[in-house]
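Worksheet for the structure shown next.
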Amino acid sequence: PVDGAIVSLHGVSSAERTYVVRVCSWIAAANAAFDDWQSSEGLGFITVAPIDARNPDVAAMNADAKTQAEADWVTRASAGFTTHLSTNAYTYATGIDVTGVNDDIAALNANLETQVKAEWVRNAQRDFHAWLVTKAYNDDVAAVITSTSQSIAQLNKAVEAKVASAHIGDADGEFQRWLT
């Protein structure tokens, strides 16, 4: 039997029968070897046409398998990246998708890092401004957080200088009113 079909060998010489049996055995062994390899490599999701001839089109089989393996990789990589973004609460990150096996992963990571830093700056500035408001310094201090590498010590010194200056100005104004 070849691929479930029964081959009629009626009227075929003994040598030809032996050849057909050997070819059929080779085909069966080749398919079994391919199945074993596919299973051992964890590639059970790949479906290629079984070998059905003594000279199979291996290049076409490889191309078909490669296309399926790449599609599977993209699906898994995209899902993994999406999970990473969600797990790390990077829901604000946009335009970061794995779409092909030739994607520049370093560029995707750089894009994400840029967006994470920008979000950090936005959040830090929002929190800093809220703190200034709670201390009633927001009218006196115009300092802002602009980058992740900004010197917070220098920012603090600028705030202290502005607050001290404003305090001196307020105290002087009160003193001048008192004098008059």
Side-chain angles (χ1 to χ4, degrees), residues 31 33-51 56-175:
N31 280 316
F34 178 77
D35 291 344
D36 289 346
W37 171 82
Q38 187 179 23
S39 177
S40 71
E41 295 295 318
L43 300 172
F45 61 90
I46 294 178
T47 56
V48 293
I51 297 169
D57 186 351
V58 175
M61 291 172 67
N62 283 339
D64 187 23
K66 180 181 178 189
T67 298
Q68 292 178 53
E70 287 177 350
D72 181 72
W73 182 88
V74 168
T75 299
R76 287 199 243 179
S78 182
F81 206 55
T82 298
T83 298
H84 172 75
L85 294 175
S86 177
T87 300
N88 290 287
Y90 298 146
T91 53
Y92 51 84
T94 60
I96 304 172
D97 302 306
V98 178
T99 59
V101 295
N102 295 320
D103 283 359
D104 184 347
I105 301 301
L108 288 173
N109 283 331
N111 183 353
L112 175 59
E113 182 179 3
T114 298
Q115 291 186 50
V116 167
K117 285 179 177 179
E119 182 71 3
W120 183 90
V121 168
R122 280 189 294 276
N123 290 337
Q125 177 55 30
R126 180 197 63 225
D127 294 346
F128 178 59
H129 180 73
W131 178 81
L132 290 173
V133 168
T134 64
K135 299 294 184 184
Y137 296 159
N138 54 311
D139 291 332
D140 302 322
V141 179
V144 294
I145 297 174
T146 59
S147 79
T148 58
S149 60
Q150 186 171 354
S151 171
I152 299 302
Q154 286 188 339
L155 180 68
N156 190 42
K157 285 180 184 177
V159 169
E160 288 174 353
K162 292 278 189 179
V163 169
S165 175
H167 180 69
I168 290 169
D170 291 346
D172 185 53
E174 288 296 319
F175 181 65

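Note that the structure is a prediction, hence the values are computed from the model and not measured. The figures that follow rest on heavy atoms only: side chains count, while hydrogens, waters and symmetry mates do not.
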Open item on the list: Restricting to non-hydrogen atoms, name the atom on Leu155 and the atom on Val144 that form the minimum distance, rounded to 0.1 Å.
Closed with: CD1-O, 3.9 Å

- [ ] Mind listing the closest non-hydrogen atom pair of Gly95 and Asn111 along with its distance?
- [x] O-ND2, 3.6 Å

- [ ] Answer yes or no: is there a donor N or O on one side and an acceptor on the other, between the side chain of Gln125 and the main chain of Ile145, under 3.5 Å?
- [x] yes

TODO: Could you tell me whether a side-chain N or O of Ser40 sits under 3.5 Å from a main-chain N or O of Trp37, the two making a donor and an acceptor?
DONE: yes

TODO: Please state whether the rings of Trp131 and Phe128 are parallel, tilted or perpendicular, taking 30° and 60° as the class boundaries.
DONE: parallel

Task: Spacing of CD belonging to Glu113 relative to OG1 belonging to Thr148, to within rounding of 0.5 Å - done: 8.0 Å

Open item on the list: On a heavy-atom basis, which atom in Leu132 and which in Val159 lie closest, and how many Å separate them?
Closed with: CD2-CG1, 4.3 Å

Task: Atom pair OG/CH2 of Ser147 and Trp120 - distance to nearest 0.5 Å - done: 7.5 Å

- [ ] Please report the shortest heavy-atom distance between Gln115 and Ile96, naming the atom on each side.
- [x] NE2-CD1, 3.6 Å

Open item on the list: For the residue pair Asp64 / Gln68, report whether a side-chain donor-acceptor contact shorter than 3.5 Å exists.
Closed with: yes

- [ ] Enter the distance from Asp35:CG to Leu43:CG here, rounded to the nearest 0.5 Å.
- [x] 12.0 Å

- [ ] Give the minimum heavy-atom separation between Ile46 and Ala69, together with the two atoms involved.
- [x] CD1-CB, 4.0 Å

Task: Ser86 (side chain) donor-acceptor with Thr82 (main chain) under 3.5 angstrom - done: no

Task: Residues Lys157 and Glu160 bridged, charged N to O under 4.0 Å - done: no

- [ ] Kindly indicate, with the supporting measurements, whether the criterion side chain to side chain contact (heavy atoms under 4.5 Å, CB included) is fulfilled by Glu70 and Val74.
- [x] CA-CA 6 Å; Glu70 287 177 350; Val74 168; 5.5 Å; no

- [ ] Nearest 0.5 Å please: distance from the CD1 atom of Ile51 over to the CG atom of Asn31.
- [x] 5.0 Å

Open item on the list: More than 12 heavy atoms of other residues, nucleotides or ligands under 6.0 Å from CG of Asn102: yes or no?
Closed with: no

Task: Glu41 atom CD, over 12 foreign heavy atoms within 6.0 Å - done: yes

Task: Flag, side chain of Asp103 to backbone of Ile105, donor-acceptor distance under 3.5 Å - done: no

